[in-house]
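Report on the following structure.
Labels below follow one simple rule: chain letters A, B, ... track the order of the sequence lines, proteins then strands, and each chain is numbered from 1. Atom set for the values below is all heavy atoms of this structure, side chains included, hydrogens, waters and symmetry mates excluded.
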Number of protein chains: 2
Amino acid sequence: MGLNIKDIAKLAGVSPATVSRVINGTGNVAEENKQRVLKVLEETGYKPNALARGLLMNKTNVIGVIVPDLSNINFAEFVKGIENEAKSNGLSVLLTTSENDTDSEISYFQLFKEKRVDGIIFSGTIFTERHREELEKADIPFIVFGQWFEHPKLTCVNVDNERAAYEATKYLISKGAKNLSMIMGPLWDRSAGYDRYSGFLKAIVEEGINPKDIVLEEGDFSIKSGYKAMKSILERKKIDGVLAANDFMALGAIKYLVDKGINIPDEVQVMGFDDNIISEIYNPSLSTIKIDFYEAGKMCVKAFIDTTDNKPIDKNILLPYQLIIRRSTK
Amino acid sequence: MGLNIKDIAKLAGVSPATVSRVINGTGNVAEENKQRVLKVLEETGYKPNALARGLLMNKTNVIGVIVPDLSNINFAEFVKGIENEAKSNGLSVLLTTSENDTDSEISYFQLFKEKRVDGIIFSGTIFTERHREELEKADIPFIVFGQWFEHPKLTCVNVDNERAAYEATKYLISKGAKNLSMIMGPLWDRSAGYDRYSGFLKAIVEEGINPKDIVLEEGDFSIKSGYKAMKSILERKKIDGVLAANDFMALGAIKYLVDKGINIPDEVQVMGFDDNIISEIYNPSLSTIKIDFYEAGKMCVKAFIDTTDNKPIDKNILLPYQLIIRRSTK
DNA sequence: TTGTAAGCGTTATCAA
DNA sequence: TTGATAACGCTTACAA
């Protein structure tokens, strides 16, 4: 096996305590001894055992991260943001993916407990009684991304989805859309499902349109479901504008319209949500609400750090968003 | 803080050793005591401290993973494969991203050493003397993805890029392309750069074409560089087929061709590499060599496990690939 | 079948 | 300024 601190101490002719002091820069060490230790450290390539240190200090400098799915480029960006911000703060990332499955999520909470991570960044769509139980038991900072779950121990990082959807809808209306439709996400997803739907509705009502006259379809955030939803909408009503609850569904919708030879944006305007990297290069390029997932990841780590530093911190952190107009709208 | 094994022992009226035996299923425990311990475990939600256990057992059940960039959906898929396979084998993933920067990579090797990970899965493009030094010092399994680095301690998982590029080129020729060009990756990237270029060349030469008559451009695997490369190629020569060293560059090329009103595939056929998820939905959809990054990730974990189990294992593991024909070729 | 005790590699305390 | 020692929480001989 590798060397331990005693070996280094022997090689440098000092005690383990002195070696520890040199490594951590704690306490005073005579310059001569310090140099000798440094030299041995350099020569041997010794690295202190983080397990032993963690055991003693009750701190691992590791954060546990749970995301639904890395295939979704948004979450990949999110994790990238977390990883980069973690790195610059001397933290490591223990990564898990849950597919939004509650059983998995709970088992990861427990795994993180075993591994004694310093904090957890959680991105999931539902928060059950079981989640709550685990949370009660845990005594580490807990950051949630993408939802507003009510719990005193939770810090939530999210965008104001309702307002964003409201603005996007208003934009479509301002560009002449009169017969609007929406491809919603599942409503049990409070943020990307319900709140976006709710913002859309608000704009519609404000315009004096009867919600009953609106044709809605629900998708599962996949490209395919967007395609199907668009088809189903057009079979029921002639529309001239559609808001999708995410870019994938919007792209699916565009694909259907293109397949049918329907002109975008002249006949139908399409607006997405998230600003997926695909949206910019797609043909036609997609107008959308940009949410910066990379930045969101960094934000979560910062929130974690502030919490551990006992800085006062908002329980609900609002992320900025941005309306990006491309070719799929006028 | 949380409970420890002594607390559990006290609560169950047994010794810590007995609790340990129950938790790990080692040694014999009287049924009655076992039930009592199990009950306390259940009630308290106690989780053993993995740090203490790891310290003692010299094993953490954690693998360190280094990838260049999670923004690249291929690597995101790769990590997903790793994570899923790791999970099913009771392993956790410590994730880092390096941007292909050697300094970062080396520092992650050292971080992993501190954290006492059980193995490392490394995806990078270059292997320097410094990499070699770190490798020599390490005594854990080391799996490399996407390159063939020569080193006795290394297990490499990769596709036969040369043959794949050769086949792709042959396909274009079989479909009538006579004036071919290639958008290469940087040649210092042995696999995705050099080997793919080399396979292209081989097919060209075999066709009796003088390599000097071929117009080549080098990109950096980004969409933008593909766009620029296509522009530059067309300014120098009229071609009817192009192979790009990855899908992003191929998509950039397509975008340029579409912008210029050049018909795909009638005037120019385009072939990519990797099978990015975008490639299928792009307009026109992109023909490509599919490399299953998710599967590759699983493969790396399996290679790691086989190594630790002392199973005989190939030092060079070949991944399958697949020619996928879509609308960008005939 | 059970419990005691040693030891894994650190850091912090305290005395020298 | 330095070093001996205890402690972190666990597993495993070994003894009972």
>> From CD1 of B:I5 over to P of D:dA7, roughly how many Å is that when rounded to an integer?
In response: 19 Å

> How close or far is atom P of D:dT12 from atom CG of B:L56, stated in whole angstroms?
Replying inline: 7 Å

> A:N58 CG to D:dC10 P: how many Å, rounded?
Replying inline: 12 Å

> Roughly how many Å is it from NZ in A:K6 to P in D:dA4, rounded to a whole number?
Replying inline: 11 Å

>> So that I can tick it off, tell me whether A:R130 and A:D103 are bridged by a salt bridge, with the cut-off set at under 4.0 angstrom between side-chain N and carboxylate O.
In response: yes

> So which nucleotide from D:dT11, C:dG3, D:dA4 ends up closest to the side chain of B:V14?
Replying inline: C:dG3

> Does the side chain of A:I23 come within less than 4.5 Å of A:Y46's, by heavy atoms?
Replying inline: yes

> Taking only N and O in the side chain of A:T26, is any of them less than 4.0 Å away from OP1 or OP2 of C:dT11?
Replying inline: no

> For B:L55 and D:dC8, what is the distance between atoms CG and P respectively, to the nearest whole Å?
Replying inline: 14 Å

> Would a line drawn from the ring center of B:H151 to the ring center of B:F142 be shorter than 6.0 Å?
Replying inline: no

>> Among C:dG9, D:dT12, D:dG9, which nucleotide has an atom closest to any side-chain atom of B:A52?
In response: D:dG9

> Among side-chain atoms of A:K87 and B:Y108, is any donor-acceptor pair under 3.5 angstrom?
Replying inline: yes

> Is A:A17 touching bases, backbone alone, or none of the nucleic acid, heavy atoms closer than 4.0 Å?
Replying inline: base

Please list, for nucleotides 14-16 of chain C, all pairs of protein and nucleotide N/O atoms separated by less than 3.5 Å.
none

> How is B:N28 classified with respect to the nucleic acid when contacts are heavy atoms under 4.0 Å: base, sugar-phosphate, or nothing?
Replying inline: base

> To the nearest 0.5 Å, what is the distance between CZ (B:F127) and CD (B:E105)?
Replying inline: 10.0 Å

> So, does B:N24 use its side chain to make a donor-acceptor pair with the main chain of B:S20 at under 3.5 Å?
Replying inline: yes

> DNA chain C: A:R53 or B:S15, which has the more 5' nearest nucleotide?
Replying inline: B:S15

> Tell me: NZ of A:K59 to P of C:dT11, nearest whole Å?
Replying inline: 13 Å

>> Whole angstroms only, please: what is the CZ-C1' distance between A:R116 and D:dC8?
In response: 11 Å

>> With a cut-off of less than 4.0 Å, is there a side-chain N or O of B:N24 near OP1 or OP2 of D:dT11?
In response: yes

> Any side-chain heavy-atom pair from B:M299 and B:I317 closer than 4.5 angstrom?
Replying inline: yes

> Using 30° and 60° as the class limits, which term best fits the ring planes of B:F122 and B:H131: parallel, tilted or perpendicular?
Replying inline: tilted

> Using 30° and 60° as the class limits, which term best fits the ring planes of A:F145 and A:F78: parallel, tilted or perpendicular?
Replying inline: parallel

> Within the distance-only criterion (no hydrogens, no angle test), does the side chain of A:D118 pair as donor or acceptor with the backbone N or O of A:N61 below 3.5 angstrom?
Replying inline: yes

> Is there a residue in residues 43-50 of chain B whose heavy atoms reach under 4.0 Å of DNA chain D, and which residues are they?
Replying inline: B:Y46, B:P48, B:N49

>> Please report the distance, rounded to the nearest Å, between CG in B:N4 and P in D:dC8.
In response: 8 Å

> Between D:dG9, D:dT1, C:dT11, which nucleotide has the shortest distance from any of its atoms to the side chain of A:A30?
Replying inline: D:dT1

